[in-house]
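Bear in mind the structure is a predicted one, so any value in this text is a computation, not a measurement.
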Amino acid sequence: MSRLSILLRRLCTLTALPVAIAGSLAGCTNGPARNDYVVFFQRDSVTLDPTDLEVIREAADAAHRRDIHHLVVSGSAGRYGDPYVLKELADTRAKAVATMLQQDGIPAQDITMGAFAPTQLEASRVALRRVTIQLDPR
C-alpha cells in the first residue's frame, strides 16, 4: 500500500504542474490592447484561408469592442521581382483583407490602405507575404 500511495502522490504532483502553469500564464493576457493583426499569404497567392479569416474577424471584433474607427491595411508581396507586379500583388492582398473587414462590419470609410515598407528584420520571404491590419485608436 505504501508504494501505491507514493505513486499516487507523484502522479498528482505531475498532473497538477500543467494546471498550475496554465493558471499562472492566464494572467499574462491582461497586457496592453493589441493594435496589430497580421494575415500571411501563400507565395503568389491572394486567397484567404480559414486562419486568415479568423485573424481578420478578431481585428474587426477588437475594433468594434474598442470603438476604433480608423484601421490601416498595408499589403506586402516581396522585394525581388518586377516592382509593378509585386505592388499589384500587395494591393490585391490588402484589398482582399479590407473587403473581409467590411463584411465583418467595418465601414469602408474607416479603412485606409497604407504602404508597407519592410525593415531589415522583416526580410524573410514569409514576412514579406503579409497584410498588416493596424487599429489606430487616435
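- Rounding to the nearest 0.5 Å places OG1 of Thr51 at 11.0 Å from CD1 of Ile56.
- Applying the side chain to side chain contact (heavy atoms under 4.5 Å, CB included) criterion to Glu54, with sequence neighbours excluded, gives Arg57, Glu58.
- Contacts of Ala62 classified as side chain to side chain contact (heavy atoms under 4.5 Å, CB included), with partners at least two apart in sequence or in another chain: Tyr37, Arg65, Leu135.
- With sequence neighbours excluded, no residue satisfies side chain to side chain donor-acceptor pair (under 3.5 Å) with His64.
- The two residues Val38 and Val55 come nearest to each other via the heavy atoms O-CG1, 3.5 Å.
- Note that CZ of Phe40 and OG of Ser45 are 14.5 Å apart. Values are rounded to the nearest 0.5 Å.
- The distance from atom CG of Leu86 to atom CG of Asp44, rounded to the nearest 0.5 Å, is 9.0 Å.
- Hydrophobic clustering of Ile, Leu, Val, Met, Phe, Trp and Tyr side chains at less than 4.5 Å, counting indirect connections, unites Ile106 with Val39.
- The shortest non-hydrogen separation linking Asp52 to Thr47 is OD2-O, 4.0 Å.
- Linking Ile, Leu, Val, Met, Phe, Trp and Tyr whenever their side-chain heavy atoms come within less than 4.5 Å puts Met100 and Val131 in one cluster.
- When the side chain to side chain contact (heavy atoms under 4.5 Å, CB included) test is applied to Pro107, the partners found at least two apart in sequence or on another chain are Gln109, Asp110.
- Every residue meeting the side chain to side chain donor-acceptor pair (under 3.5 Å) condition with Asp91, not counting sequence neighbours, appears here in chain and number order: Lys87.
- Residues Lys95 and Met113 come closest through the heavy atom pair N-CE, 3.5 Å.
- When every heavy atom of Gly75 is checked against every heavy atom of Ala94, the shortest pair comes out as N-CB, 3.9 Å.
- Separating the CG atom in Asn35 from the CG atom in Leu71 is a distance of 10.0 Å, to the nearest 0.5 Å.
- Among residues two or more places apart in sequence or in another chain, the side chain to side chain contact (heavy atoms under 4.5 Å, CB included) test is passed with Thr92 by Val46.
- Side-chain N or O atoms of Arg93 include none that pairs as donor or acceptor with a backbone N or O of Leu48 at under 3.5 Å.
- In terms of heavy-atom proximity, Ile111 sits nearest to Ala98 at CD1-O, 3.7 Å.
- Taken from CG in Asp82 to CD in Glu88, the straight-line distance is 10.0 Å, to the nearest 0.5 Å.
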